Amino acid sequence: MRLGLVHPYWQTGCRHNPCEKDFTMKRSGEPKSEIAQRKKIEERLLKSEVALQNAFDEIKKSEAKLRRVIDTIPTLAWCNLADGPNEFLSRRWHEYTGLSPEESHGWGWQVAFHPDDLPALMKTWQELLVSGEPGEIEARLRRHDGIYRWFLIRVEPFRDDNGKIDRWYGTSTDIEDRKQAEQALQSSQRNLSSIINTMPTFAWSARPDGSADFLNDRWLEYAGLSATQALDWKWLTAIHPDDLNHLTDYWRSIMVTGEPGEIEVRIRRFDGEYRWFLIRANAVRDESGAILKWYGTNTDIDDRKRAEARGEEAYLRLAEAQRLSKTGSFITDLLADNHDWSEEAFRIFEFDPSTKVTVQMIRDIVHPEDLPTFDAVIARGMSGTDVDFVFRIVLPRGVVKHIRGMARVMVQVGGHPLFIGALQDVTESKAAEAALDRARSELSHVARVSTLNTLTASIAHEINQPLSGIITNAGTCLRMLSGDPPNIDGARETARRTLRDGNRASDVISRLRTLYSRKEFTLEPLDLNEAIREVIALSLSDLQRNRVVMRTELAENLPSIIGDRIQLQQVTLNLFRNASEAMIDVEDRPRQLLIRTAREADDRVRLSVQDAGIGVNPEDLGKLFEAFYSTKMGGMGIGLSVCRSIIERHHGRLWAEPNDGPGLTFSFSIPCGLESPSSTMPM
Ligand code: ADP
């Protein structure tokens with residue numbers, strides 16, 4: 001093998017040294033001086049030859065050294081002939097590929113390259129051979145164990161004095177590790193870029209002055225802008241005009257301080273709609289602390305913003321509703337004495353909203369008479385039971401408030417029941433209720449008294465005459481009988497008159513009812529259901545007091561009737577009261593009262609009041625409507641008879657019937673179209 005790395009001059013020129021032959025040619029027939037001269041020259045030549053030989057040896061030595069160097073440097077070196085085939089490959093090349101010099105000589109080295117890379121490699125090599133330029137290419141070279149590694153192949157032409165390419169010198173450097181690192185970097189860059197562009201948020205970066213140098217795909221797609229339309233400062237065009245000044249001021253301020261920043265602004269979508277975004281920015285600095293870049297994200301918070309707005313509005317509405325209804329709400333952990341009160345709760349108790357409420361604070365203002373109830377409620381609550389409560393508080397300014405409320409166990413936290421509850425200031429409704437109670441009892445008193453007064457006056461007036469007739473006639477009769485002889489005819493006559501007056505007195509009662517019910521009607525079209533609802537409202541607390549459970553089945557689309565509202569309401573009230581009184585001693589069953597209205601076939605409407613009271617004996621059923629029939633202590637026995645006369649005035653019917661179970665049902669039925677009140681009453 002020729003050592004191609006050493007210049008050919010050194011290989012060939014010194015082997016055919018022409019000097020030696022020339023000097024030995026002129027040795028015979030010369031004068032002495034010439035001989036001496038020539039000797040000198042020969043000596044000098046000999047010296048030069050020795051020097052040359054030494055130089056040649058030196059060169060050989062340095063060639064061997066160079067070769068050692070070439071074989072030792074941690075790269076593969078080689079030399080190709082001017083037209084391409086290989087002339088020399090370094091020892092490392094052979095060691096790496098496992099190919100012998102014979103196998104790789106000429107074009108044999110090609111087998112060591114990856115078949116996929118060889119075409120490109122040969123193409124480049126051909127181009128370099130034509131152009132004569134230095135070049136480089138990357139290709140995979142097979143190791144002796146069959147594994148391919150990437151190499152960077154660099155080649156330089158070596159030209160002779162005429163500029164003609166004499167050899168190509170090259171190196172092949174193992175770049176596998178770098179290549180792998182590059183590939184890893186590329187794939188992580190690809191990854192990063194796909195993350196940046198697909199993550200559901202906008203990502204961007206900006207220069208130290210705040211102008212954008214990158215906006216991710218999502219950002220651009222959302223705004224419907226191209227990168228050119230949005231980079232630098234052009235992204236500001238997508239900001240809502242109302243937020244622009246605020247944003248730019250803020251942006252500039254953090255550019256100066258370099259502090260991380262966040263701000264909420266509206267950004268225009270491609271379709272023109274604005275949505276709220278949270279913009280966050282962070283600066284990256286170099287070692288000296290100077291800002292290199294800003295990185296940031298924009299997160300869509302529009303839904304959260306809207307929910308917040310709705311929540312705020314709902315809270316305001318709730319607060320307003322609480323204020324209007326004087327209802328406060330609370331969440332309480334009684335055991336820990338932790339209480340979270342709404343504004344209205346504070347307002348009702350007139351506590352300073354900044355104070356921490358405690359049970360003792362509340363207890364301190366509870367009305368002394370209600371303390372036992374209050375303590376019992378707290379004790380029940382402490383045991384984890386739902387509670388309803390009613391108590392009064394006495395405020396420092398002397399005002400008494402009635403509080404009603406309830407608390408329900410919402411959840412157990414750390415073994416403590418957590419209550420949610422509501423409390424209401426019912427002072428006004430309590431006052432109204434009391435006033436209503438008073439009015440009702442006054443009304444019923446007045447009704448009774450006026451009924452009684454009217455009746456008494458009528459009785460006094462109407463009965464006086466027949467009574468005095470009876471007394472006069474009885475006296476006359478006695479006188480006639482005690483005569484001597486007794487005046488039998490006269491006595492008979494007076495007795496007859498007494499009888500007549502007695503009959504007349506009995507008639508008086510009947511006529512009294514007629515008279516009583518003959519007062520003027522106030523007729524008006526009315527909705528019976530509505531009139532009844534008013535009576536129900538009026539009777540409710542009475543019924544509740546008597547623990548009567550009322551149920552209503554009021555028919556829909558009941559035709560309106562023409563009648564006297566007050567009188568019909570009086571009838572209804574009377575029926576309610578009787579039913580409630582009939583159930584007062586009932587303990588073994590619910591005290592149920594069922595109020596029903598219905599439309600009847602022949603254009604009539606009916607009201608039924610069904611109780612679960614003591615009822616009546618069947619033989620007494622007919623007596624209920626008789627005047628002065630009463631089974632109650634202090635009862636007057638007028639109510640039902642007056643009711644019947646009122647209903648009959650409406651051309652209607654009032655009756656009672658026993659239930660299948662306990663109790664009675666009283667019903668009245670009246671025609672819808674009443675033309676004129678009846679002027680007479682059947683008795
Ligand atoms: P008072 O209620 O003053 O007794 P009423 O004329 O209203 O006068 O009632 C007459 C009587 O009819 C009552 O005393 C009672 O015996 C009986 N009565 C009325 N309603 C009922 C009823 N729902 N259940 C049982 N008995 C009743």
Side-chain angles (χ1 to χ4, degrees), residues 433-434 436-460 462-463 505-506 508-510 512-513 515-517 535-536 538-550 566-595 607-647 654-659 661-668 683:
E433 212 173 278
L436 195 66
D437 263 355
R438 273 199 307 279
R440 190 170 36 238
S441 71
E442 273 166 24
L443 190 71
S444 98
H445 178 72
V446 167
R448 285 189 180 183
V449 169
S450 68
T451 311
L452 196 60
N453 280 348
T454 316
L455 217 55
T456 316
S458 306
I459 291 169
E462 292 293 319
I463 225 159
S506 118
V508 163
I509 302 297
S510 309
L512 273 177
R513 289 191 61 202
L515 268 175
Y516 178 78
S517 55
V535 180
I536 291 173
L538 209 66
S539 322
L540 220 49
S541 74
D542 235 11
L543 295 172
Q544 275 170 2
R545 206 173 11 255
N546 292 341
R547 287 187 282 124
V548 172
V549 184
M550 175 181 276
I566 302 294
Q567 289 201 355
L568 290 176
Q569 286 183 327
Q570 247 175 5
V571 172
T572 313
L573 188 64
N574 216 305
L575 297 180
F576 284 5
R577 193 177 299 137
N578 278 347
S580 168
E581 285 170 357
M583 293 192 282
I584 205 88
D585 293 326
V586 171
E587 298 293 351
D588 58 344
R589 57 180 178 269
R591 300 177 179 178
Q592 260 176 350
L593 180 64
L594 174 60
I595 319 292
L607 166 76
S608 304
V609 179
Q610 179 186 329
D611 64 52
I614 49 168
V616 287
N617 294 326
E619 63 270 19
D620 293 332
L621 202 58
K623 296 183 194 162
L624 302 184
F625 297 95
E626 286 177 8
F628 306 116
Y629 173 82
S630 176
T631 58
K632 298 174 193 166
M633 285 276 288
M636 287 180 45
I638 306 168
L640 283 177
S641 69
V642 171
C643 287
R644 179 170 265 182
S645 69
I646 289 173
I647 294 302
L654 171 66
W655 72 96
E657 52 198 342
N659 297 332
L664 286 183
T665 299
F666 282 79
S667 309
F668 69 68
M683 288 301 291

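Owing to the predicted nature of the structure, the values given are computational and were not obtained by experimental measurement.
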Legend entry - Pair K623, N617: side-chain N/O donor-acceptor within cut-off below 3.5 Å: no

Legend entry - Residue pair V548 / M583: nearest heavy atoms and the distance that separates them: CG1-CE, 3.8 Å

Legend entry - Short side-chain to backbone donor-acceptor contact, S580 and F576, under 3.5 Å: no

Legend entry - A582 to D611 - nearest heavy-atom pair and separation: CB-OD2, 4.4 Å

Inset, instruction - With sequence neighbours left out, write down each residue that passes side chain to side chain contact (heavy atoms under 4.5 Å, CB included) with E587, or none if nothing qualifies. - result: R547, R591

Legend entry - Over all atoms of both residues, closest heavy-atom pair of A579 and V609: CB-CG1, 4.3 Å

Inset, instruction - Look up atom CG in L640 and atom OG in S645, then write down how far apart they are to the nearest 0.5 Å. - result: 11.0 Å

Inset, instruction - Measure across V586 and G613 and return the closest heavy-atom pair with its distance rounded to 0.1 Å. - result: CG2-CA, 4.2 Å

Legend entry - Set of side chain to side chain contact (heavy atoms under 4.5 Å, CB included) partners for E657, sequence neighbours left out: W655, T665, S667

Legend entry - Distance in Å, L568 CG paired with L573 CG, rounded so as to fall on 0.5 Å steps: 12.5 Å

Legend entry - Polar side-chain atom of N546 near backbone of E581 as donor-acceptor pair, under 3.5 Å: no

Legend entry - Y629 OH to D620 CG distance, which is reported to the nearest 0.5 Å: 4.0 Å

Inset, instruction - With rounding to the nearest 0.5 Å, note down the distance linking CG in L543 to CD1 in I536. - result: 9.0 Å

Legend entry - Gap between atom CZ of F666 and atom CG of N574 - 0.5 Å precision: 9.5 Å

Legend entry - Minimal non-hydrogen separation, L654 against R644, with atom names: O-NH2, 3.1 Å

Inset, instruction - Would you give the length of the straight line joining atom CG of L664 to atom CG of L621, rounded to the nearest 0.5 angstrom? - result: 6.5 Å

